[in-house]
Amino acid sequence: MAEFNIALIPGDGIGPEIIAGAVTVLDAIEKKFGHKFNYTEVDMGGVAIDKHGTSLPQETIDKCLESDSVLLGAVGGPKWDNVPASIRPETGLLGIRKALGLYSNLRPAILKPQLKDASPLKDRIIGNGLNVMVVRELTGGIYFGEKRRAEDNTWASDLEKYSAEEVERIARVAFESAMLRNKKLTSVDKANVLESSRFWRETVEKVSKDYPQVELTHMYVDNAAMQLALRPSQFDVIVTSNLFGDILSDLSSAISGSIGMLPSASLGATKRGMYEPIHGSAPDIAGMDMANPIATIESAAMMLEMSFGLVDEAKAIANAVDKVLDKGYRTGDIMSEGMKKVGTKEMAKLISEEI
Ligand code: IPM
Ligand code: MN
């Protein structure tokens, strides 16, 4: 029996519904394995702008720092499209990543056999399924580089800058991930044009000396995008910068079928991580009990495994999800002929009952 403190950030749109779904499933894990999870709910994103005038209140940062881990729904929505950039929902997300030191972002894109039809790619391309891990650098690069705008508004710039330390530590995360998988790592950059990419490539090469069993290749980002669409099975682990990782992880999740299925983990130097679905806040279906809670439920499973070391518990969740899909239950986003359509609550309940 173990006890853990979890900060919950439901956020905006469908966020509160999918977080509730994940908690339903975590309740079942508590019961089955005799653990205790204590929750503290905090505000971030649009809801925090409305309540506190900022997307990331200091109290949210403090509560997250006090917790063992953070589970996040989603933030943002059209309602806050016109607020100043400094308090935008997205700024809150970037701020919490930085404040918690979460420099690595693991985004697995897996196509489950039950959902083969959901991929937009042809059968001959998908072949034996799809399993790619995108390791994205999360607290550096152009996202956090110096931003400037001319006083007379005739130009603006964002700086892409990486230190050796930043590249090294994300490279290590990627090599470690590859060691646990098929030992193939593709480092993606734009070294034919960008100095920061040439530096990235050299630094990854240096780190590779410590991982002789991993087969390292380098690929330009434009080619990587094309290869993901044409022959995704060539990839095992991809490591890349903040911006390229943002783009490629959307692509890799899209080819795996439903973005509603994919979890992610953001980690730093400590065990504390932040776990969230890859998808956004889907304001168009918010409050309608239609959202797919599986990405958030799988994110909770990643939290159990990676932050708490609860491997069997994480497996229990994964197995339960598989069984519910095997039985033909589907939310609208992954619905196909002959399947049984269920809502957010029902899907979470079915998974928790399976546990
Ligand atoms: C993501 C999102 C965020 C990002 C936005 C909302 C700031 O697109 O997590 O991929 O660009 O990192
Ligand atoms: Mn993104």
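Just follow the structure's listing: the first ligand is 1, and inside any ligand the first atom is 1. One-based numbering along the sequence shown.
When distances to the Mn ion (ligand 2) are checked against a cut-off of 2.8 Å, Asp250 contributes no N, O or S atom below that limit.
At the shortest separation from atom 6 (C) of ligand 1 among protein heavy atoms lies Glu90 CG, 3.6 Å. For atom 1 (C) of ligand 1, the closest heavy atom belonging to the protein is Arg107 NH2, 3.4 Å.
Here Asp62 pairs with Gln58 under the side-chain hydrogen bond (donor to acceptor under 3.5 Å, both in side chains) rule; sequence neighbours left out.
For Asp246, the N, O or S atom with the smallest separation from the Mn ion (ligand 2) is OD1.
At under 3.5 Å, a nitrogen or oxygen of Tyr143, whether backbone or side chain, sits near a nitrogen or oxygen of ligand 1. At a 3.5 angstrom cut-off on N or O pairs, Arg136 counts as close to ligand 1.
Ring pair Phe33/His35 is parallel by interplanar angle, where below 30° counts as parallel and above 60° as perpendicular. Taking the six-membered ring where tryptophan is involved, the planes of Phe4 and Phe308 are essentially parallel, since the angle between them stays under 30° and well short of 60°.
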request  = Dump the intermediate steps for salt bridge (Lys or Arg N to Asp or Glu O under 4.0 Å) on Asp322 and Lys112, then the final yes or no.
outcome  = CA-CA 9 Å; Asp322 276 341; Lys112 293 184 187 286; 3.4 Å; yes

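For the residues Ile247, Asp246, Asn242, Val75, the heavy atom positioned nearest atom 2 (C) of ligand 1 is part of Asp246.
A donor atom on one side chain and an acceptor atom on the other are found under 3.5 Å apart for Tyr143 and Asp246.
By the criterion of a heavy-atom distance under 4.0 Å, the side chain of Arg97, and not its backbone, is placed next to ligand 1.
Between Glu66 and Lys63 no salt bridge is recorded (no basic side-chain N to carboxylate O distance below 4.0 Å).
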